[in-house]
Amino acid sequence: MDDIKIGEILLPGEESEQEAKARKVKRRFWPTLKRAMRQIPFSRDVVAAYYCAMDPATPLRTRGILLGALAYFVMPFDFIPDVLAVVGFSDDIAVLTAAFAAISGQIKKKHYIEADETLKEKLPG
């Protein structure tokens with residue numbers, strides 16, 4: 001993946017595009033996360049990003065960037081199949097890392113609290 005492609009994925013887009021991405025992310029996020037937990041070293045951040053993207057108080061640009069990254073994460077077709085162990089999620093990790101850098105500081109403490117509570121509930125152990 002190159003910077004141009006990641007940049008295209010992270011374009012905030014129009015509000016209608018964001019809503020379509022939000023629906024896709026809501027539908028596919030948890031099953032994808034469960035498959036990725038062992039390969040993504042920052043799963044807590046990914047879940048906090050999910051809650052930040054779904055928070056109506058999140059600025060439109062931040063929400064758009066996160067929804068772009070999360071939509072890419074949940075896409076069934078990407079550049080490297082996610083069924084390949086560690087390598088499978090490497091492109092997703094690159095996109096998510098770029099998104100986190102682009103929205104630096106926008107994920108709030110309340111999003112991390114929600115993430116911690118949800119991870120305990122959905123993924124005990």
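Small disclaimer: the values here were computed from a predicted structure and weren't measured.
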(message) Considering only residues two or more places apart or on different chains, which pairs with a residue in residues 49-61 satisfy side-chain hydrogen bond (donor to acceptor under 3.5 Å, both in side chains)?
(response) Tyr51-Thr118, Asp55-Lys110, Asp55-His111
Tell me whether [Y] is reachable from [X] by hopping between hydrophobic residues (I, L, V, M, F, W, Y) whose side-chain heavy atoms are closer than 4.5 Å.
| X | Y | result |
| --- | --- | --- |
| Leu11 | Phe73 | no |
| Ile40 | Met37 | yes |
| Ile113 | Leu119 | no |

(message) Give me the atom names and distance for the closest heavy-atom approach of Pro31 to Arg27.
(response) CD-O, 4.3 Å
(message) Restricting to non-hydrogen atoms, name the atom on Ala22 and the atom on Leu67 that form the minimum distance, rounded to 0.1 Å.
(response)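 Taking every non-hydrogen atom into account, CA-CD2, 3.8 Å.
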When you compare the side chain of [Y] with that of [X], does any pair of heavy atoms fall below 4.5 Å?
| X | Y | answer |
| --- | --- | --- |
| Met54 | Val25 | yes |
| Tyr72 | Leu10 | no |
| Asp92 | Thr32 | no |

(message) Taking the basic N atoms (NZ, or NE/NH1/NH2) and the acidic carboxylate oxygens, is any pair closer than 4.0 Å for Glu19 and Arg63?
(response)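 Yes, Glu19 and Arg63 are salt-bridged.
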(request) Starting at CE of Met75, measure out to NZ of Lys21 and round the result to the nearest 0.5 Å. (result) 10.5 Å
(request) Could you tell me whether a side-chain N or O of Gln18 sits under 3.5 Å from a main-chain N or O of Leu60, the two making a donor and an acceptor? (result)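 Yes, because the side chain of Gln18 sits within donor-acceptor range (under 3.5 Å) of the backbone of Leu60.
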(request) Return yes if some donor-acceptor pair links the side-chain N/O of Glu117 with the main-chain N/O of Glu114 below 3.5 Å, else return no. (result) no
Distance-only check: which donor-acceptor pairs under 3.5 Å involve side-chain atoms of residues 94-109, not counting sequence neighbours?
residue : atom : partner : partner atom : Å
Thr97   : OG1  : Ile93   : O            : 2.8

(message) One pair to check against side-chain contact (heavy atoms from CB on, under 4.5 Å): Asp45 and Tyr112. What are the steps and the verdict?
(response) CA-CA 7 Å; Asp45 295 308; Tyr112 280 103; 2.7 Å; yes
